[in-house]
Amino acid sequence: IALCERLGETKFRNLTEFVVAEALLRAGRRRQAEDALHSIEETNPGSDFFLLGHIQRIRGLLARDADDAQAAALHFSQSLSIFETSQDLY
């Protein structure tokens with residue numbers, strides 16, 4: 001991540017940060033996962049549907065783990081819409 005930042009390479013930095021966010025979530029480190037998502041969003045990845053869809057999916061997992069079914073459903077629905085818009089079969 002640091003190398004990508006030094007090179008000004010945001011796409012690979014964001015993809016790496018996304019993998020880190022999911023790994024942190026799976027390790028039970030919710031706050032750090034949330035921080036990783038915020039770090040991605042700060043770079044404004046507005047046209048990267050793959051990344052936006054996965055951000056919403058991870059937010060859905062975070063909400064589910066926090067027993068917030070309504071927020072989880074919203075994030076999962078947004079994720080699905082993004083993937084459908086980009087014609088991603090994920």
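Computed from a predicted structure; not experimentally measured.
T16 OG1 to K11 NZ: the interatomic distance, rounded to the nearest 0.5 Å, is 11.5 Å. Remark: L25 CG to L62 CG distance equals 5.0 Å, nearest 0.5 Å. Atom-to-atom distance recorded for L51:CG and N14:CG is 5.5 Å, nearest 0.5 angstrom.
Listed by chain and residue number, H54 satisfy the ring pair (Phe, Tyr, Trp, His ring centres under 6.0 Å) test with F18 (two or more places apart in sequence, or in another chain). Partners of Q56 by side-chain contact (heavy atoms from CB on, under 4.5 Å), not counting sequence neighbours, listed by chain and number: H75, Q78, S79, I82. Scored by the side-chain hydrogen bond (donor to acceptor under 3.5 Å, both in side chains) test, S77 finds no partners at all (sequence neighbours excluded). With sequence neighbours left out, Q32 forms a side-chain hydrogen bond (donor to acceptor under 3.5 Å, both in side chains) with no residue at all. Checked against side-chain hydrogen bond (donor to acceptor under 3.5 Å, both in side chains), D35 has the following partners two or more places apart in sequence or in another chain: R31. For S81, the side-chain hydrogen bond (donor to acceptor under 3.5 Å, both in side chains) test picks out no residue, with sequence neighbours left out.
Salt bridge status for E34 with R30: absent, with no side-chain N to carboxylate O gap under 4.0 Å.
Listed by first and then second residue, the salt bridge (charged side-chain N to carboxylate O under 4.0 Å, His left out) pairs involving residues 40-53 are E41-R59 (not counting sequence neighbours). Counting only residues at least two apart or in different chains, ring pair (Phe, Tyr, Trp, His ring centres under 6.0 Å) contacts with residues 23-44 are absent.
The hydrophobic cluster containing L74 does not contain L80, counting ILVMFWY residues as joined when their side-chain heavy atoms lie under 4.5 angstrom apart, directly or transitively. Linking Ile, Leu, Val, Met, Phe, Trp and Tyr residues whenever their side-chain heavy atoms come within less than 4.5 Å places L37 and F50 in a single cluster.
In this structure, the side chain of R57 does not engage the main chain of F76 through any donor-acceptor pair within 3.5 Å.
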Inset, instruction - Determine, stepwise, if the pair R13 / E17 fulfils salt bridge (Lys or Arg N to Asp or Glu O under 4.0 Å). - result: CA-CA 6 Å; R13 178 210 171 276; E17 196 80 58; 3.6 Å; yes
Inset, instruction - Using the side-chain contact (heavy atoms from CB on, under 4.5 Å) rule, take L24 and V20 through it: C-alpha gap first, then chi angles, then the decisive distance, then the call. - result: CA-CA 6 Å; L24 289 167; V20 168; 3.7 Å; yes
Which atom pairs, donor and acceptor, lie under 3.5 Å between side-chain atoms of residues 64-73 and protein residues at least two apart or in another chain?
unit_1, atom_1, unit_2, atom_2, d
D68, OD1, A71, N, 3.1

